[in-house]
Amino acid sequence: MIPLQRLRENRESIEQAIARKGEDAPIDEILSLDVEARKARAAVEQLKAEHNQATSAMHGVPSPEDRAAMASRKQKIKEQEAAMEALDAKIQDLLLYVPNPPHESVPTGKDENDNVTVRTWGTLPNVPYALRPHYDIGEQLGLFDFERGAKISGSRFTVLRGMGSRLERALIAFMLDIATTEHGYEEVSPPYLVRRECMVGTGNLPKFDEDAFHADNDLFLIPTAEVPVTNLYREEVLQEAQLPLALVAYSACFRKEAGAAGKDTKGFLRLHQFDKVEMVRFVHPDTSLDELELLVGHAETVLQRLGLPYRVLLMCSGDTGFAQWKKYDIEVWAPGLGRWLEVSSCSVFGDFQARRANIRFRPKDSGKLQYVHTLNGSGLAIPRTLVALVEHYQREDGSVAIPDALQPYMGGRTEIAR
RNA sequence: GGAGCGAUCGCCUAGUCUGGUCGAGGGCGCCGCACUGGAAAUGCGGUAUACGGGGCAACUCGUAUCGAGGGUUCGAAUCCCUCUCGCUCCGCCA
């Protein structure tokens, strides 16, 4: 959330930055309501000050005249306060729809075609036989059961079986171990249902209501562990010494994939429910852009250990999401499909989420509370990692080799074969 | 789902019965100063946040906040109602 004061003072630059994202925001409306609201506030506070003064001067039982004066002033306060509160509520609501302006270092662009490849890693497989897509290999090896997934839950739900399930479990444990033992993250197991405030805190609501699954009791199925984990410290004050605070969580993720009708309907690519290991960092504002580079590196480590070629893209302004300040995507090469697959999205939010969720810290030197900066990144999305792994390590006979680093997590297996 | 108890300023706690002198006392922690060769201990002082107004600023004025919201009252941490969360017991349940 953009603070109202910043909006008042830097209106033009904020409008320009938001325009780079290709979004618009009700800034005119907010600022004109703000003028009214401040007038109303001055009037209410003036009346209240008079009332407080009169009250504290009074000690015994009030006279009838005093009572009458008090009563009429109270009535006035009530009316004007209601007007002021209505204005404030409207402003707060509109502010939740204002996107985070992108950082200066984000290249201007419209869509994914304008994203910038900052580096690539690994070499694409070069084999004398045709590489098949994962759904073909998986069918032979009994890794997926697409038909029954659809039968029990509908399209975009898949059942993993046998070595497919085992591979999923291995990848989760493998990723969590790297994050916790090498990169200093604390592992957390969050709830998969969260309250509305949490969804607002991370920026998933109110604007993107149609993307989320709603449960009873005003609870929402989490679209990513980012939501419960970032909100762990909502309404809290951290100590500066606690920063950077790094948490990693495995969770299932639930997304309606609204607006993706007909896209990636074949295979294990775009699902209503999928598994992901997510890294979340709460950091000092001065370090957040460096922290983003660190975070991307953590995600890359996983792919490097698995020996899967990938590229890192800096998202252009048009592909930088509503809440994000700056974002990198990591795409892994899926040789059977012959395309790059997004397996990680690493973002820094500045204080945008921290303001929404009210997550602050107490600096060592000054006593003045400040908002932390938040970051998160996939480390990694499981299904697409599994897809790339199966396609990358497939052999001519239809078996799939297990990369060395993953073998301990697969009970020592070196391959998946029929 | 039922019954009872509880929620106070980073942490612990006083205050609630008996409404005003309570934005709120004490301890711990933290910060500054003194003492010290340095430290510990000790002493003194300081130590919430948000918003609005005034000042370049240090600062200052106002409003609000004792889990949240509503009510009673001239006046609420304190009385009443609703909700949330926590704990204990009962029921149900993997």
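Order of the sequence lines sets the chain letters (A, B, ...), proteins ahead of strands, with each chain counted from 1.
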Rounded distance in Å - [atom1] ([X]) to [atom2] ([N]):
| X | N | atom1 | atom2 | answer |
| --- | --- | --- | --- | --- |
| Gln370(A) | A50(B) | CD | C1' | 16 Å |
| Met1(A) | A50(B) | CE | C1' | 12 Å |
| Leu219(A) | U84(B) | CG | P | 12 Å |
| Ile359(A) | U49(B) | CD1 | P | 18 Å |
| Arg234(A) | G67(B) | CZ | P | 19 Å |
| Lys78(A) | U63(B) | NZ | C1' | 19 Å |
| Asp34(A) | C51(B) | CG | C1' | 11 Å |
| Leu4(A) | A50(B) | CG | C1' | 13 Å |

Taking only side-chain nitrogens and oxygens of [X], does any of them come within less than 4.0 Å of OP1 or OP2 of [N]?
| X | N | value |
| --- | --- | --- |
| Asn52(A) | G75(B) | no |
| Arg8(A) | C51(B) | no |
| Lys74(A) | G75(B) | yes |

What is the pairing partner of [N], taking Watson-Crick or G-U wobble pairs with both distances under 3.5 Å in any strand?
| N | answer |
| --- | --- |
| C28(B) | G10(B) |
| A3(B) | U88(B) |
| C17(B) | none |
| C56(B) | none |
| C51(B) | G62(B) |
| G37(B) | none |
| U78(B) | none |
| A94(B) | none |

Touch class at under 4.0 angstrom, heavy-atom based, for Arg355(A) against every strand present: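 The residue Arg355(A) makes no contact with any strand.
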
Sugar-phosphate only, base, or nothing, as touched by Ala49(A) at under 4.0 Å among non-hydrogen atoms: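 If one applies the 4.0 Å heavy-atom cut-off, Ala49(A) turns out to touch the sugar-phosphate alone, with no base involved.
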
Choosing from [options], which nucleotide comes nearest the side chain of [X]?
| X | options | value |
| --- | --- | --- |
| Thr55(A) | C85(B), G20(B), U73(B) | G20(B) |
| Glu45(A) | C74(B), A64(B), G62(B) | G62(B) |
| Met70(A) | U63(B), C74(B), C85(B) | C74(B) |
| Arg41(A) | C51(B), G75(B), U84(B) | C51(B) |
| Lys48(A) | A64(B), G52(B), G71(B) | A64(B) |
| Arg38(A) | A64(B), G53(B), C74(B) | G53(B) |
| His51(A) | G52(B), G75(B), A64(B) | G75(B) |

His272(A) side chain vs Arg255(A) backbone, donor-acceptor pair below 3.5 Å: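 Yes, His272(A) side chain to Arg255(A) backbone: donor-acceptor pair under 3.5 Å.
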
Any donor-acceptor pair under 3.5 Å from Arg384(A) side chain to Leu269(A) backbone: yes

Geometric class of the Phe144(A)/Phe268(A) ring pair [parallel <30°, tilted 30-60°, perpendicular >60°]: tilted

Taking atom [atom1] in both [N] and [M], compute the distance separating them and give it to the nearest angstrom.
| N | M | atom1 | result |
| --- | --- | --- | --- |
| G46(B) | C51(B) | C1' | 25 Å |
| G26(B) | C83(B) | P | 38 Å |
| A3(B) | U8(B) | C1' | 26 Å |
| G37(B) | G29(B) | P | 25 Å |
| G32(B) | C9(B) | P | 25 Å |
| A76(B) | C90(B) | C1' | 36 Å |
| A48(B) | A24(B) | P | 10 Å |
| C28(B) | G45(B) | P | 14 Å |

More than 12 heavy atoms of other groups within 6.0 Å of Glu210(A) CD: yes

Within 6.0 Å of CZ in Arg161(A), more than 12 heavy atoms from elsewhere: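 Incorrect, the count does not exceed 12.
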
Residue met sooner reading RNA chain B from 5', once Arg360(A) and Val44(A) are mapped to nucleotides: Arg360(A)

Rounded distance (nearest 0.5 Å) linking atom OG1 of Thr180(A) with atom OH of Tyr185(A): 11.5 Å

Stepwise salt bridge (Lys or Arg N to Asp or Glu O under 4.0 Å) check, Glu257(A) with Lys263(A): CA-CA 9 Å; Glu257(A) 295 297 334; Lys263(A) 204 173 174 186; over 6 Å; no

Check: Phe361(A) and Gln242(A) side chains under 4.5 Å, non-hydrogen atoms: no

